[in-house]
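Structure first, then comments.
Counting begins at 1 with the first residue of the sequence. If you're wondering where the values come from, they're calculated on a predicted model, not measured in any experiment.
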Amino acid sequence: MSPDETQLKKLLSESTPVTDENKALERVLKKSSNVTAFKDVAGLFVGWCWVVLLGFGASAYSARRRMNLHQQQKKSQK
């Protein structure tokens, strides 16, 4: 037997530590709930930022377009 095999057999023969599955499940569920809540809030914030940014962009584009049209009308009247 190689030393690795003996170590593996030794580990298999040792008893596994006792864990309370209900508490472990509660911890996992709580952590996943917190992560999901954080992602939801972050997603809403990023979406709101995009809406504001696109709103400013649309307003700037609209104002520039009106100014160009106004200047074209002035040139055509002369």
Pair up each side-chain donor or acceptor in residues 26-33 with any protein partner under 3.5 Å, not counting sequence neighbours, and list the distances.
from	atom 1	to	atom 2	distance (Å)
Ser32	OG	Val28	O	3.2
Ser32	OG	Leu29	O	2.9

Practice prompt. List in chain and number order the residues that pass side-chain contact (heavy atoms from CB on, under 4.5 Å) with Gln71, two or more places apart in sequence or in another chain; answer none if no residue qualifies.
Written response: Met67, Asn68
Item to complete: Among Ile, Leu, Val, Met, Phe, Trp and Tyr joined by side-chain contacts under 4.5 Å, find the other residues sharing a cluster with Val46 and list them by chain and number.
Response: Trp50, Leu53, Leu54
Practice prompt. Would you please name every residue forming a side-chain contact (heavy atoms from CB on, under 4.5 Å) with Asp40, sequence neighbours left out?
Written response: Thr36
Fill in: With Leu69 via side-chain contact (heavy atoms from CB on, under 4.5 Å) - residues at least two apart
Arg65, Gln72
Discussion item. So, using side-chain hydrogen bond (donor to acceptor under 3.5 Å, both in side chains) as the criterion, who are the partners of Ser59 when residues are at least two apart?
Written reply: none
Practice prompt. Walk me through it: do Val52 and Trp48 pass the test side-chain contact (heavy atoms from CB on, under 4.5 Å)?
Written response: CA-CA 6 Å; Val52 169; Trp48 180 81; 3.8 Å; yes
